[in-house]
Amino acid sequence: MVIERFKEDAASEVYRRFRERGRMMPAGLDYVSSWIDLDFKICWQLMHAEDFALFDDWIDNWRDLMDFEIFPVRTSAEAVELMNKKL
């Protein structure tokens with residue numbers, strides 16, 4: 001899960017760059033879905049990659065407009081499966 005916090009007054013430029021260049025993600029980093037708050041300040045993105053280093057390559061394309069936090073997550077089904085093995 002990626003949390004992007006748009007820098008002050010950067011939302012318009014974020015969308016302009018996205019329209020002109022797309023997501024600018026390296027091969028192997030896959031976009032799944034995203035949600036934007038109503039004030040255009042925070043974007044939550046669900047993404048997938050086997051190689052965590054791919055996130056750094058992608059972030060380099062956007063860090064002038066956003067600050068990032070990345071949280072490795074698993075599905076609820078995966079969590080249940082793992083926990084069932086421990087119970």
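As the structure is a prediction and not an experimental result, all values here were calculated from the model.
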### Message
Rounded to the nearest 0.5 Å, what separates atom OG in Ser34 from atom CE in Met1?
### Response
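So the gap between those two atoms works out to 10.0 Å.
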
### Query
If you measure from CG on Asn61 to CG on Asp56, what distance do you get to the nearest 0.5 Å?
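So the gap between those two atoms works out to 11.5 Å.
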
### Message
For a 4.5 angstrom cut-off between non-hydrogen side-chain atoms, does Asp67 reach Ile3?
### Response
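Counting from C-beta outward, Asp67 and Ile3 never come under 4.5 Å.
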
#### Entry: Flag side-chain contact, heavy atom, 4.5 Å: Gln45 against Glu4
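When only atoms from C-beta onward are counted, Glu4 and Gln45 do touch, with a gap below 4.5 Å.
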
#### Entry: Verify same cluster id: Val80, Val73 (apolar side-chain graph, 4.5 Å)
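No.
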
### Message
I'd like to check the side chain to side chain contact (heavy atoms under 4.5 Å, CB included) partners of Glu8; sequence neighbours left out, ordered by chain and number.
### Response
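Residues passing side chain to side chain contact (heavy atoms under 4.5 Å, CB included) with Glu8: none at all.
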
#### Entry: Check against side-chain contact (heavy atoms from CB on, under 4.5 Å), Glu78 and Thr75
CA-CA 5 Å; Glu78 291 168 334; Thr75 67; 3.1 Å; yes

Just wondering, more than 12 heavy atoms not from [X] lying within 6.0 Å of its [atom1]?
X     : atom1 : result
Leu87 : CG    : yes
Glu50 : CD    : no
Lys41 : NZ    : no

### Query
Should side-chain heavy atoms under 4.5 Å link Ile, Leu, Val, Met, Phe, Trp and Tyr, which residues sit in the same cluster as Phe40?
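Reading the cluster by chain and number, Phe40 sits alongside Val2, Phe6, Val14, Tyr15, Phe18, Met24, Met25, Leu29, Tyr31, Ile36, Met47, Phe52, Leu54, Phe55, Trp58, Ile59, Trp62, Leu65, Met66, Phe68, Ile70.
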
#### Entry: Short side-chain to backbone donor-acceptor contact, Arg74 and Leu82, under 3.5 Å
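No; judged by distance alone, with no hydrogens or angles, the pair does not exist.
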
### Lys7 side chain to Arg63 backbone, donor-acceptor under 3.5 Å
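Between the backbone of Arg63 and the side chain of Lys7 there is a qualifying donor-acceptor contact (under 3.5 Å).
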
#### Entry: Contacts of Asp37 that satisfy side chain to side chain donor-acceptor pair (under 3.5 Å) - sequence neighbours left out
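Listed in chain order: nothing, the list is empty.
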
### Task
Indicate yes or no: does Glu13 engage Arg16 in a salt bridge with an N to O separation below 4.0 Å.
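Between Arg16 and Glu13 there is a salt bridge, with a charged N closer than 4.0 Å to a carboxylate O.
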
